[in-house]
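As structure tokens, the structure follows; a few thoughts come after it.
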Amino acid sequence: MSDQTNHPRIAFIGCGNMGASLIGGLVTSGYPANRITAADPDPEKRTVMVNRHGIAAYDDNATACAGAAAVVLAVKPQVLRETLQPLAARLRGSDTVIISVAAGIDSAAIDRWLGGNAAVVRAMPNTPALIGAGATGLFANDQVSSRQKQLADTIMQAGGLTLWLTDESLIDAVTAISGSGPAYFFFFIEALEHAGIELGLTAEQARQLALQTAFGAARMAHESDVDAAALRERVTSPGGTTEQALKQLSDGGLENLIQQAATAARDRARELAATLGGES
Ligand SMILES: NC(=O)C1=CN([C@@H]2O[C@H](COP(=O)(O)OP(=O)(O)OC[C@H]3O[C@@H](n4cnc5c(N)ncnc54)[C@H](O)[C@@H]3O)[C@@H](O)[C@H]2O)C=CC1
Ligand SMILES: O=C(O)[C@@H]1CCC=N1
């Protein structure tokens, strides 16, 4: 089989945090760098793509898209429409699957901006894709063929777990849980570090302990055959220290706060769709 069949050409539009993470994950997984192209107006971003990942990077989106079986849109939702419109004529009627990672913007808006009848996959990945530890929720519109769905899955699976949804609106829930989720955990690590410093550890000691604890807990939860609640209970000796700490978190309303945070993220995705993805 030719490389064209085994490794269809993939183009990335936007090489910022998310685009670069996906490209990094794909190259590290063994996808040939010469089958990946990228575009970004920022010369520094392009230099990173060329030097670190060995892929071709252009300042012109159309050049990057030429001959691509999949185009991954990794620009901000606020510029998605203006980015897509100049590409519409080139992509219309082609066999290219459009994979958008933009928060909020739904497949109908993308289809409309492309002039209709476009094969659109919405994907919501997260930045740990860079190290193959990401999680992506995906939705395909009716125009997407099974071969195109497979290609979208291959691209996202290079970055970690993939999860297909049949209800597009749930992509906003994925955004709230795993798309934005790494930031919640990083915030927790930062807070634990600060607490360690307050209790007298050096910044470096607090950093090492907080990081290794987050890593160990996540790895254990991932690999264990019991759920997170059971693992938590194993740390929590009756009458012991953890119990006192968890009581503070619980009394402070942590669980409610997390629910509110996820709902706020989900609602912001809906708001982006309403303000940027409308018919006007
Ligand atoms: N950062 C994250 O953790 C996640 C981001 N996303 C989505 O990924 C998309 C990108 O977000 P980030 O990477 O965080 O933003 P970013 O600002 O880091 O990257 C966007 C990139 O697009 C480039 N760009 C701007 N206009 C362009 C154009 N017309 N053509 C080509 N490239 C252009 C910018 O120079 C920049 O490098 C957003 O739609 C966001 O909703 C989705 C999941 C997670
Ligand atoms: O904050 C954002 O809007 C993007 C989408 C999910 C993670 N980052």
Side-chain angles (χ1 to χ4, degrees), residues 11-26 37-50 52-53 55-66 68 71-88 90-91 98-107 109-110 113 120-131 133-139 152 155-156 159-163 170-187 261-277:
F12 286 81
I13 305 301
C15 308
N17 294 310
M18 201 57 248
S21 295
L22 290 170
I23 291 166
L26 202 55
T37 52
D40 200 294
D42 181 340
E44 283 178 25
K45 301 268 169 56
R46 296 199 300 273
T47 303
V48 172
M49 292 301 108
V50 174
R52 190 172 303 162
H53 302 304
I55 67 168
Y58 306 96
D59 63 357
D60 176 53
N61 293 342
T63 307
C65 290
V71 171
V72 182
L73 303 168
V75 297
K76 291 285 186 203
Q78 288 81 356
V79 301
L80 186 57
R81 185 180 193 160
E82 71 194 53
T83 304
L84 264 186
Q85 274 169 342
L87 295 173
R90 175 180 289 271
L91 295 173
I98 310 300
I99 304 170
S100 168
V101 305
I105 313 297
D106 63 24
S107 61
I110 294 168
W113 295 338
V120 181
V121 168
R122 269 187 75 193
M124 181 43 60
N126 59 16
T127 52
L130 180 65
I131 56 164
T136 302
L138 295 131
F139 169 83
I155 295 169
M156 294 299 160
L161 171 88
T162 56
L163 189 77
L170 287 178
I171 289 285
D172 293 339
V174 172
T175 307
I177 302 302
S178 54
S180 299
Y184 315 156
F185 288 98
F186 296 139
F187 193 32
T263 304
R266 192 274 313 270
D267 291 349
R268 177 59 183 151
R270 289 180 174 174
E271 204 175 81
L272 285 169
T275 51
L276 303 170

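The structure displayed is predicted, hence computed values, not measured ones. In each ligand, atom 1 is the first atom listed, and ligand 1 is the first ligand listed.
Only side-chain heavy atoms of Lys45 come within less than 4.0 Å of ligand 1; its backbone N, CA, C and O stay farther off.
Checked by distance only, ligand 1 and Met18 come closer than 3.5 Å through their nitrogen or oxygen atoms. Not one N or O of Met124 is nearer than 3.5 Å to an N or O of ligand 1, by distance alone. Note: no N/O pair closer than 3.5 Å links Val79 and ligand 1 by distance alone. Checking only distances, Asp40 does come within under 3.5 Å of ligand 1, N or O to N or O. Between Asn126 and ligand 1, not a single N/O pair is under 3.5 Å apart. For ligand 1, none of its N or O atoms has an N or O atom of Thr127 under 3.5 Å away.
Checking each of Asn61, Leu73, Val75 against Leu84 for a side-chain contact (heavy atoms from CB on, under 4.5 Å) leaves exactly one that passes, namely Leu73.
Here atom 19 (O) of ligand 1 lies nearest to Gly16 when heavy atoms of Pro128, Gly16, Ala20, Ala269 are compared. Considering Thr136, Val174, Asn61 only, the shortest heavy-atom separation from atom 31 (C) of ligand 1 involves Asn61.
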Derivation and outcome, salt bridge (Lys or Arg N to Asp or Glu O under 4.0 Å), residues Lys45 and Asp59 = CA-CA 10 Å; Lys45 301 268 169 56; Asp59 63 357; over 6 Å; no
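Nearest protein neighbour of atom 42 (C) of ligand 1, counting heavy atoms only, is Val101 O, 3.3 Å. Nearest protein heavy-atom neighbour of atom 33 (C) of ligand 1: Pro41 CD, 3.3 Å. Remark: minimum distance from atom 29 (N) of ligand 1 to any protein heavy atom is reached at Thr83 OG1, 3.3 Å. At the top of the distance list for atom 1 (N) of ligand 1, counting protein heavy atoms only, stands Asn17 CB, 4.0 Å. Remark: minimum distance from atom 3 (O) of ligand 2 to any protein heavy atom is reached at Ala103 CB, 4.4 Å. If you check which protein heavy atom lies closest to atom 2 (C) of ligand 2, you get Ser180 OG, 4.9 Å. Here the heavy atom of the protein found nearest to atom 11 (O) of ligand 1 is Lys76 NZ, 3.9 Å. For atom 9 (C) of ligand 1, the closest non-hydrogen atom of the protein is Val75 O, 3.3 Å. Of the protein's heavy atoms, Ala74 O, 3.4 Å lies nearest to atom 10 (C) of ligand 1.
Of all the atoms in ligand 1, the ones that sit under 4.0 Å from a non-hydrogen atom of Ile13 are 30 (N), 31 (C). Residue contact check: Pro125 has heavy atoms under 4.0 Å from atoms 43 (C), 44 (C) of ligand 1. The distance from ligand 1 to the heavy atoms of Ala103 drops below 4.0 Å at these ligand atoms: 39 (O), 41 (O). Contact atoms of ligand 2 toward Gly179: 6 (C), 7 (C) (distance under 4.0 Å to a heavy atom of the residue).
Taking the side chain as every heavy atom from C-beta outward, Phe139 and Val121 never approach each other to under 4.5 Å. Between Leu91 and Val71, some side-chain heavy-atom pair lies under the 4.5 Å cut-off.
Contacts of Ala20 classified as side-chain contact (heavy atoms from CB on, under 4.5 Å), with partners at least two apart in sequence or in another chain: Met49. Considering only residues two or more places apart in sequence or on other chains, Ile131 meets the side-chain contact (heavy atoms from CB on, under 4.5 Å) condition with Ala133.
The minimum heavy-atom distance linking Gln78 with Glu82 is given by the pair O-OE1, 4.3 Å. Between Ser178 and Asn126 the shortest heavy-atom distance is O-ND2, 2.9 Å.
Side chain of Asp40 to backbone of Cys15: a donor-acceptor contact under 3.5 angstrom is found. Under a 3.5 Å cut-off, the side chain of Arg122 and the backbone N or O of Ile105 do form a donor-acceptor pair. Without hydrogens or angle criteria, Ser21 side chain to Leu130 main chain gives no donor-acceptor distance under 3.5 Å. Side chain of Thr83 to backbone of Val79: a donor-acceptor contact under 3.5 angstrom is found.
The local environment of CZ in Phe187 is sparse, with at most 12 non-hydrogen atoms from other residues, nucleotides or ligands closer than 6.0 Å.
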